[in-house]
Number of protein chains: 2
Amino acid sequence: MKKVDTLLVGGMVLTMNKALDRFPDGAVAIQGDSIAAVGPAEVIRAEYEADEVIDCRDQFVLPGLVNTHTHMAMTLLRGMADDLRLDVWLMGYMMPTEREFVSPEYCRLGTQLACAEMIRGGTTLAVDMYYYEADVAAAIAEAGLRAVCGQTVLKFPSPDADSYEDSLAYTRRFIEEWKDHPLIVPSVAPHAPYTCTDEILQACADLAVEFDVPLQIHISETRLEADESWEKYQKRVVHRVADLGVFRAKTIAAHCVHIDSEEIIALAKHRVAVAHNPTSNLKLASGIAPIKEMLERGVRLSVGTDGPASNNDLDMFEEMRLAALLIKGATYDPMVLPAKDALLMATRWGAEAMHLGDITGSLDVGKRADLIVLDRDPLHNAPKFERDPNSAYSQVVYASQASDVQHVMVNGQWLMRDRSLLTLDADQIRREAADYARRIDAFLIAREGNVLNKLVAIGGLEQEESFEIQVKARINGDGEDLIRRLLDHPSVEIVRHKHYRQYDTYFLFEDEQQGRVRYREDDLVSEDGQLVSVRTRLTYTIPEKEREFDEAVLLSRSRFIAPADRPLRFYREYFQARRECEVQKDRLRWHILYKGVLFYANLDRIVEPQVEARYIEIKSRTWSQKDAEFKAALTTEILNDILAIEQADRVRMEYVDLC
Amino acid sequence: MKKVDTLLVGGMVLTMNKALDRFPDGAVAIQGDSIAAVGPAEVIRAEYEADEVIDCRDQFVLPGLVNTHTHMAMTLLRGMADDLRLDVWLMGYMMPTEREFVSPEYCRLGTQLACAEMIRGGTTLAVDMYYYEADVAAAIAEAGLRAVCGQTVLKFPSPDADSYEDSLAYTRRFIEEWKDHPLIVPSVAPHAPYTCTDEILQACADLAVEFDVPLQIHISETRLEADESWEKYQKRVVHRVADLGVFRAKTIAAHCVHIDSEEIIALAKHRVAVAHNPTSNLKLASGIAPIKEMLERGVRLSVGTDGPASNNDLDMFEEMRLAALLIKGATYDPMVLPAKDALLMATRWGAEAMHLGDITGSLDVGKRADLIVLDRDPLHNAPKFERDPNSAYSQVVYASQASDVQHVMVNGQWLMRDRSLLTLDADQIRREAADYARRIDAFLIAREGNVLNKLVAIGGLEQEESFEIQVKARINGDGEDLIRRLLDHPSVEIVRHKHYRQYDTYFLFEDEQQGRVRYREDDLVSEDGQLVSVRTRLTYTIPEKEREFDEAVLLSRSRFIAPADRPLRFYREYFQARRECEVQKDRLRWHILYKGVLFYANLDRIVEPQVEARYIEIKSRTWSQKDAEFKAALTTEILNDILAIEQADRVRMEYVDLC
């Protein structure tokens with residue numbers, strides 16, 4: 001007799017291995033962190049003995065479930081704001097709350113809460129994407145779960161980084177620190193093609209390839225994203241990402257709702273793993289992903305809950321069930337994704353998608369002991385049929401509930417026995433989470449009536465580049481000679497010239513921390529002074545964090561723009577500003593390349609208020625802090641070497657200050 | 001102080017009443033079968049005292065959930081056969097198994113199992129449609145649940161009736177017996193427009209109106225059903241049913257997946273209640289019901305699980321969640337059916353749909369005490385936010401699980417306390433259900449290789465009229481004078497005449513109980529002997545239950561037909577019959593009206609085998625037993641009074657007997 005640590009005997013063992021072996025009266029032997037044997041109970045018991053023998057009669061023994069896309073710490077925002085338009089939900093609630101609250105402590109607690117829920121629901125491997133991912137990883141490792149942890153990289157300032165360069169540096173350190181952990185696989189997560197520049201996407205891929213770690217990314221979650229990619233790049237999202245070389249990395253693409261056949265072929269060709277998120281895609285009204293075609297074309301498919309703010313839970317039973325149901329109804333095909341395949345998707349296929357198929361995802365000898373024991377005979381899942389092997393998979397997929405999970409083991413360690421958590425203090429987690437919820441409630445109540453809130457409620461809002469480099473000078477005379485000097489300079493190339501009349505209305509608020517909103521009517525004027533076109537838009541600026549760089553002013557601030565498709569009167573009534581201020585000016589604008597870098601040069605004549613002043617502005621924008629510093633240096637050159645503007649004439653004012 | 005039986009105090013009380021009153025620290029007072037008071041805990045406690053005071057802190061107190069469409073006893077078929085094409089699932093598995101097993105005992109047990117699951121999942125009112133509904137009602141009443149019980153009426157013979165007349169008679173007795181029960185509302189359930197004749201639909205409506213009870217019906221569940229209605233009646237399904245006057249009754253229409261705007265307008269106009277069944281509609285690949293438009297046009301909407309054979313459970317939390325999610329994704333509108341409305345749909349709207357809105361569906365003083373207490377703070381639903389009143393509804397709809405239900409009360413009686421069932425013996429039910437499952441497994445194993453099984457697997461199979469009235473006589477000479485006599489008779493009108501050459505191949509099986517399959521090529525021939533068209537089809541006949549009526553033979557048997565769109569060779573290999581038999585004949589066929597009733601007269605000359613025989617046949621078909629007897633009497637008249645055929649010439653043989 002061979003001695004092992006643990007024997008599970010008498011259950012219906014569904015191995016989910018390549019041969020789909022199933023043992024109706026089966027057994028699993030566990031030694032250390034691994035599976036020592038799997039087979040009929042009679043055979044295993046004749047060969048193995050253990051101190052711990054667990055009777056699994058009327059239960060299933062399964063590999064643990066694999067959740068391939070989530071944002072675990074968002075448990076702390078569960079149910080905070082639902083049933084809203086996507087932009088209102090994201091920009092009005094999720095992002096402001098995350099900006100305010102997300103910290104290492106927040107991430108640890110939110111992740112612990114998620115671990116507790118996941119263990120109770122039979123998940124043993126999760127793929128997370130969030131901020132402060134080193135803290136997330138620490139919490140998961142402590143709970144004893146297995147995970148792929150992806151540090152988010154964005155072109156915007158994020159809760160854990162002022163710029164994407166900071167994020168990348170953090171990610172590198174995070175990967176170096178965690179890459180040999182037995183439970184955690186670190187990974188880099190460029191958030192999405194539309195929230196990352198080409199440079200960010202390429203830098204992330206380079207990092208993933210350098211360390212041979214997975215890369216996580218959201219792909220074509222919404223129709224808007226797909227449309228905008230086409231408009232902006234004349235490429236479908238998958239093709240843009242592929243062309244940038246991102247798929248050199250072991251890529252996990254979440255959502256993939258709005259992809260066409262050619263994109264599906266590309267995903268299959270590049271061996272990209274897709275995380276299907278049916279609940280979130282429905283709840284946020286993103287749509288229904290074409291997983292039937294993905295399956296037919298050989299895409300590596302898996303399933304994930306997405307974050308608890310858009311689900312609102314981490315229930316993998318519900319998720320694999322919905323995956324199996326939804327595609328049938330959407331394609332009028334009752335035979336697509338049968339229960340067996342849905343369970344594969346939530347177990348072995350998920351592990352394989354994460355390139356962890358050699359160590360987990362099925363009950364095979366030598367793999368880590370990541371498994372769950374599930375009641376087979378609760379009232380809501382009785383009776384059971386044995387004639388058809390598929391009935392067992394049907395039971396698990398179509399009628400099992402998270403609460404039917406009795407025991408959970410990861411890496412040979414019990415994390416739950418008889419529904420009691422062994423590695424986490426549920427009461428304390430719940431208490432601390434309740435405390436966060438109270439503070440978040442208070443924060444949201446305090447900012448009711450907030451300007452950004454009101455702005456996002458109108459919709460269409462977009463965040464602009466984080467860094468604006470700007471220098472402004474008051475000029476004497478009409479400025480023609482000054483601008484000539486710039487445009488005629490050998491290092492300067494004119495890209496485009498426009499003439500605008502700009503009518504700005506600023507809405508100013510009691511509390512300056514609320515920022516301000518500008519309503520601008522931009523009248524484009526032809527050379528002979530005729531009106532060509534009118535554009536109106538809103539710009540929202542929150543109080544800036546300025547940093548002076550040399551003689552230029554380097555601004556780092558959050559600006560949001562939105563098309564203003566309603567009359568000025570509407571916005572006046574809507575924002576209820578304390579004060580309004582009107583500025584009208586005539587603007588000659590040139591897009592120029594200076595040493596190959598794009599700048600805007602404005603020659604402005606103020607018409608209203610009647611201050612008889614003219615200004616020249618040199619401006620540029622970027623998502624990158626390094627790039628901002630580089631452009632600031634060039635701006636200084638233009639200012640000193642070409643325009644030779646006196647220190648005294650350089651001004652810090654903005655036009656709103658004129659009234 | 002007023003004395004009441006029970007006080008529930010300290011929970012978040014969501015009344016779901018017209019005003020949507022909610023009491024974060026609320027209380028409910030129960031006296032007898034009714035709600036005596038609802039309000040803030042402080043107020044209620046100051047006014048009422050009770051022996052039983054239940055602390056509901058960190059819990060929701062809600063009206064019980066209302067499941068408006070299910071087939072409860074089908075719990076016994078849960079997971080028996082999944083992921084199959086609809087016709088294979090229905091005709092290959094469900095119907096044969098029901099024909100074999102459904103009995104009063106089966107219905108009682110299956111319903112008890114369903115009651116146990118429903119109570120544990122927080123359902124307090126269910127709308128059932130099945131067979132032996134008096135036994136179903138008895139089981140539900142005994143369990144203490146509230147229900148609308150619908151006795152199924154079909155044009156086919158069903159497990160509890162040989163004909164629809166029997167079903168109607170049964171239904172009448174059932175309604176008379178149960179119509180004053182405090183928990184049960186009896187109802188009539190014509191199964192669906194495509195499984196009922198016009199006469200059946202009208203008779204059911206008459207019955208419902210006579211007793212003022214609800215009428216349940218499946219409407220436009222599949223695209224096929226909608227298409228066939230148009231083909232057959234040149235009417236959309238809802239319009240056909242409306243035109244037959246069915247909506248005079250208080251109608252509950254299940255599914256309504258394939259309905260257009262005009263049908264939705266008609267449903268709203270006639271105040272028809274729709275039971276939305278998202279899980280079943282997805283699982284059977286029926287499609288996604290247009291509930292957004294139904295809501296916009298004011299249709300009375302509710303939600304149901306459908307039977308556990310197509311769901312596979314009776315989990316109303318999952319069902320209302322899926323309802324809320326699915327329509328968002330399908331319409332790209334994240335704001336349609338917010339959590340509050342989804343919960344209304346599963347509570348008050350459901351009760352109102354059943355015309356029980358005055359006694360249940362919300363927590364209002366005077367209504368029956370049908371309520372549930374639900375954990376508000378489990379790990380998968382923590383933390384909780386209080387700022388937005390909608391967060392409470394979000395918690396219930398998007399993250400609560402059936403297993404979070406702690407206590408259930410119906411009509412003032414506790415059915416579950418602390419998750420223990422009080423009116424049902426779960427272990428015994430489970431044991432007996434397991435026994436049925438074993439017998440069903442054995443039955444299905446025994447009939448593997450069954451012919452009908454194989455036939456349904458090919459698809460397209462339809463059940464023909466249950467009753468075939470047929471008389472056949474061998475004739476001398478060419479039969480011209482005989483047929484002339486018939487056609488020239490003053491009571492006979494010729495509707496149509498056709499000339500066929502028929503090539504029949506019979507597949508005969510070892511076990512005669514397997515029935516036989518006929519492959520027929522029907523060559524339609526013009527007057528000058530030219531081939532006009534060819535049609536091939538399969539007819540499957542199971543061993544007939546014959547009954548002789550007067551001199552005519554009245555056959556009552558199950559026949560199924562399907563188009564045969566594959567070559568004869570395919571069927572030969574596929575069915576692996578023990579023996580084949582070929583019959584070729586020349587058939588002159590007349591459709592005639594005799595005294596206004598439709599008959600077929602065939603004058604047949606057998607070509608192969610070469611028996612030199614000619615036969616005359618008079619035939620008719622019907623779904624109704626009474627009509628069959630009436631037609632048999634007319635056939636006898638034709639035989640005796642017009643054709644004057646000798647007893648000796650009348651034959652019982654079928655053409656297959658010739659070889």
Side-chain angles (χ1 to χ4, degrees), chain A residues 76 78-86 113 116-117 120-121 223 279 281-288 312-315 318 325-326 328-329 331-335 338-339 377 379-380 382-388 390-391 394-395 398-399 401-403 426 430 433-434 436-437 440-441 444-445, chain B residues 76 78-86 113 116-117 120-121 223 279 281-288 312-315 318 325-326 328-329 331-335 338-339 377 379-380 382-388 390-391 394-395 398-399 401-403 426 430 433-434 436-437 440-441 444-445:
Chain A
L76 293 179
R78 184 202 320 266
M80 182 190 82
D82 283 313
D83 301 327
L84 298 167
R85 280 219 314 259
L86 183 64
L113 178 56
E117 181 186 351
R120 283 174 64 85
R223 198 157 51 178
T279 298
N281 295 342
L282 290 178
K283 183 154 179 285
L284 299 177
S286 307
I288 298 170
N312 290 351
D313 55 37
L314 300 163
D315 185 338
E318 204 167 77
L325 293 174
L326 182 59
K328 292 176 175 66
T331 61
Y332 292 104
D333 180 355
M335 314 220 287
D377 208 22
L379 285 166
H380 58 264
K384 52 180 190 277
F385 292 88
E386 310 283 2
R387 173 192 55 90
D388 179 357
N390 290 316
S391 292
S394 266
Q395 278 200 281
Y398 294 126
Q401 299 176 359
S403 56
R430 205 165 12 208
Y436 259 106
I440 291 170
D441 266 343
L444 289 172
I445 289 165
Chain B
L76 294 179
R78 184 200 325 263
M80 181 190 81
D82 283 314
D83 301 328
L84 299 168
R85 280 219 314 260
L86 183 63
L113 178 55
E117 181 186 352
R120 283 173 64 85
R223 200 157 50 177
T279 298
N281 294 342
L282 291 178
K283 182 151 180 288
L284 299 177
S286 306
I288 298 171
N312 292 353
D313 54 36
L314 299 164
D315 185 338
E318 204 167 78
L325 294 174
L326 182 58
K328 291 176 176 66
T331 61
Y332 293 104
D333 179 356
M335 313 220 286
D377 209 23
L379 286 166
H380 57 265
K384 53 180 189 276
F385 292 88
E386 309 283 2
R387 171 191 56 89
D388 180 355
N390 290 315
S391 292
S394 267
Q395 277 200 281
Y398 294 126
Q401 300 177 358
S403 57
R430 202 159 21 203
Y436 260 106
I440 291 171
D441 267 343
L444 289 172
I445 289 165

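Basis for what follows: all heavy atoms, side chains included, without hydrogens, waters or symmetry-related copies. Every chain is numbered from 1, with letters handed out A, B, ... down the list of sequences.
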Student: Select, from B:Ser403, B:Ala433, B:Ala437, the one with the greatest count of heavy-atom pairs under 4.5 Å involving chain A.
Tutor: B:Ala437
Student: In terms of heavy-atom proximity below 4.5 Å to chain B, should A:Leu326 be classed as side chain, backbone, both, or neither?
Tutor: both
Student: Counting only heavy atoms closer than 4.5 Å, note whether B:Arg78 contacts chain A via side chain, backbone, both or neither.
Tutor: both
Student: Under a 4.5 Å heavy-atom cut-off, does chain B meet the side chain of A:Gln395, its backbone, both or neither?
Tutor: neither
Student: Which distance, rounded to the nearest 0.5 Å, do you find between the CG of A:Leu282 and the OH of B:Tyr332?
Tutor: 10.5 Å
Student: Nearest 0.5 Å, what's the OG-CE distance between B:Ser394 and A:Met80?
Tutor: 11.0 Å
Student: Select, from A:Ala402, A:Ala434, A:Gly287, the one with the greatest count of heavy-atom pairs under 4.5 Å involving chain B.
Tutor: A:Gly287
Student: If we define contacts as heavy-atom pairs under 4.5 Å, which of A:Ala382, A:Gly79, A:Ala399, A:Pro338 has the most with chain B?
Tutor: A:Ala382
Student: Where do B:Glu386 and A:Asp441 come nearest, in terms of heavy atoms and distance?
Tutor: N-OD2, 2.7 Å
Student: Using heavy-atom distances under 4.5 Å, tell me whether A:Arg430 contacts chain B through its side chain, its backbone, both, or neither.
Tutor: side chain
Student: Using non-hydrogen atoms and a 4.5 Å limit, figure out which bit of A:Thr279 sits close to chain B: side chain, backbone, both or neither.
Tutor: both
Student: Return the minimal non-hydrogen interatomic distance between B:Asp313 and A:His380, and the atom names on each side.
Tutor: CB-O, 4.1 Å
Student: Rounded to the nearest 0.5 Å, how far does CZ of A:Phe385 lie from CG of B:Asp82?
Tutor: 10.0 Å
Student: Name the region of A:Asp315, side chain, backbone, both or neither, that has any atom closer than 4.5 Å to a heavy atom of chain B.
Tutor: side chain
Student: Flag the one option from A:Asp388, A:Leu314, A:Leu84 with the top tally of heavy-atom pairs under 4.5 Å to chain B.
Tutor: A:Leu84
Student: At what distance, to the nearest 0.5 angstrom, does NZ of A:Lys283 lie from OH of B:Tyr398?
Tutor: 5.5 Å
Student: Which bit of B:Lys384 is near chain A, if near means a heavy-atom gap under 4.5 Å: side chain, backbone, both or neither?
Tutor: backbone
Student: Is A:Asp333 in contact with chain B via its backbone, its side chain, both, or neither, using a 4.5 Å heavy-atom distance?
Tutor: backbone
Student: Check B:Glu117 against A:Leu379 and note the closest heavy-atom contact, atom names and distance.
Tutor: OE1-O, 4.2 Å
Student: Which answer fits A:Ser286, side chain, backbone, both or neither, if we ask what part of it has an atom under 4.5 Å from a heavy atom of chain B?
Tutor: backbone
